[in-house]
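This report refers to the structure that appears directly beneath it.
A, B, ... follow the sequence lines: proteins, then strands. Residue 1 opens every chain.
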Amino acid sequence: MRLSEYYLPTLKEDPTEAQVTSHRLMLRAGLIRQASAGIYTWLPMGLRVLRRVEDIVRKEQDTAGAQELLMPTIQSADLWKESGRYDGYGKEMLRITDRHEREMLYGPTNEELITDVFRQTVRSYRDLSKILYHIQWKFRDEVRPRFGVMRGREFLMKDSYSFDIDFEGAQRSYNKMFVSYLRTFAKLGLKAIPMQADTGPIGGDLSHEFIILAETGESEVYCHKDYLNYDVLMEETNYNEDLSETVKKWTALYAVTDEKYDEKKANQLKDKLISARGIEVGHIFYFGTKYSKAMEATITGPGGEVIYPEMGSYGIGVSRLVGAIIEASHDESGIIWPESVAPFQVGLINIRSGDTDCDNASNDVLSKLKNAGFDVLFDDRDERAGAKFATMDLIGLPWQVIIGPRGIKNGYIEIKKRDTGEREDISVDAALSKICG
RNA sequence: CGGAGCGUGGCGCAGUCUGGUAGCGCACUUGACUGGGGGUCAAGGGGUCGUAGGUUCAAAUCCUAUCGCUCCGACCA
């Protein structure tokens, strides 16, 4: 992609409305624009990142055995009256009336809808266990949206729902999701720690929040230092096997959000205790038969008996993750994308656009990078070198390839790694193999 | 929802107290110079001052209402 043609409206100055780093950088780097409070348009480069995050989430869900479907954003109020949540949910729910005066709503979550689908279609214990998920936009009419996409009113969420015939089955589903969350966040380049947390208005008895640590986090969290050294990707995961050991390992140490903070327990950790700010990027619940009972979703058991399936739900804030990743990965100059979610892997800078040698060398490197399978953003604009460097640092692509008259004369180009800032004068071939890494 | 603040060109702001017909920086356009960390000079284009009423000879400025946005608190993927 040529930057001279790409729709990337960057800002040199900070917009006043953006108070937190990720929000500021997302606006400045041309990823999003605010449409109204807590509602955003995703511009091409922001959308690329959002899609990559979504893909990583989707892939791990599929690997864990969850199956994707797609439920609507607009739901009938009737289902919510059945579950008893219509009145309970309060003003956060955006209520809509259609032309026939039917009460509708823009879904803040989908337990009712999935339970309705389930009860219409599943009859026998033989059909379980099932984990179904979708990645869909939600709306919660937050009193006070803030922090950009991290606390928007409209947000993209991956929500999974598990159905099992008994508690043991539900526990297995819970564990699958637990481990898949660890792996998902790790693949996104994040250190997420599962923490005990309040179950909230959604209900349930067993739940973990997945929190990433970042200075600008919204709440105070406390955990054992050793969690920072755990790496779930070091081990093979087979989702068909018993995952309880992995879950045990990740829940054995102390890790809580401020709601569950217990001074006595925390003090026992002594110097192993970390207290930090955290951003919630995932939340998993086991809630048993809460919805299956309320909505009469029953199946037949092996002995012909009526069974209310045991359920759980599992959410990942996909759009929030984009902000959270930036909170966890940036510097004074801009964003530092982890390779796994970067909108382009390489930013190619032609320092002297219009200079024949530089143009030729740039086009040559561009096609070589493309042939090697890289997504490249080529800054071919007629701008000063400084402006190009600043833009490239701001948008945070993992690699920068810099082509200028100085290097061309001496037969080298330059590569820079965005995260470390390391620069190297190097031949074209050496650069390629370095980036292929 | 309680408290506070802000709406003036795409962005950041001054002007409002003390009314006299809108200005600065960045961005944008054109030209020249320049050329490795957001350049210099020159010449330009763009704003019914959030909206609606009112006061006045005259309103960005004063009054009333209304909408939007931001921040602090309570709430939250």
With the criterion being N/O to N/O and under 3.5 Å, what pairs connect the protein with nucleotides 42-45 of chain B, and how long is each?
none

ask   = With under 30° as parallel and over 60° as perpendicular, where do the rings of A:H208 and A:Y174 fit, or are they tilted in between?
value = tilted

ask   = Between A:D14 (CG) and B:C13 (C1'), how many Å, whole number?
value = 14 Å

inquiry  = Any base atoms under 4.0 Å from A:K91, or only sugar-phosphate, or nothing? Heavy atoms, all strands.
reply    = sugar-phosphate

request  = Looking at every strand, decide which applies to A:E414 at a 4.0 Å heavy-atom threshold: base, sugar-phosphate, or nothing.
outcome  = base

query = What's the CG-C1' distance between A:D393 and B:G37, to the nearest Å?
reply = 8 Å

inquiry  = I'd like to know if the side chain of A:T257 reaches the main chain of A:V221, judged simply by a donor and an acceptor atom lying under 3.5 Å from each other, with no hydrogens or angles considered.
reply    = no

remark   = Contacts of A:R352 and A:E17 projected onto RNA chain B by closest heavy atom; the upstream (5') one is A:R352

note = Re B:C13: Watson-Crick or G-U wobble partner, both distances kept under 3.5 Å, found to be B:G23

task = Could you tell me which nucleotide pairs with B:C71 by Watson-Crick or G-U wobble geometry, both distances under 3.5 Å, or answer none if nothing does?
result = B:G3

P gap between B:G20 and B:G25, integer Å = 22 Å

query = Taking any strand in view, what nucleotide pairs with B:A59 in a Watson-Crick or G-U wobble way, both distances under 3.5 Å?
reply = none

request  = For A:R28, answer base if it contacts any base atom (sugar-phosphate contacts may also be present), sugar-phosphate if it contacts only those atoms, and nothing otherwise; contact means non-hydrogen atoms under 4.0 Å.
outcome  = base

request  = Record whether the side chain of A:R146 comes under 3.5 Å of the base of B:U70 through a donor-acceptor pair of N or O atoms.
outcome  = no

remark   = Between CD of A:E13 and C1' of B:G10 the distance, given in whole Å, is 11 Å

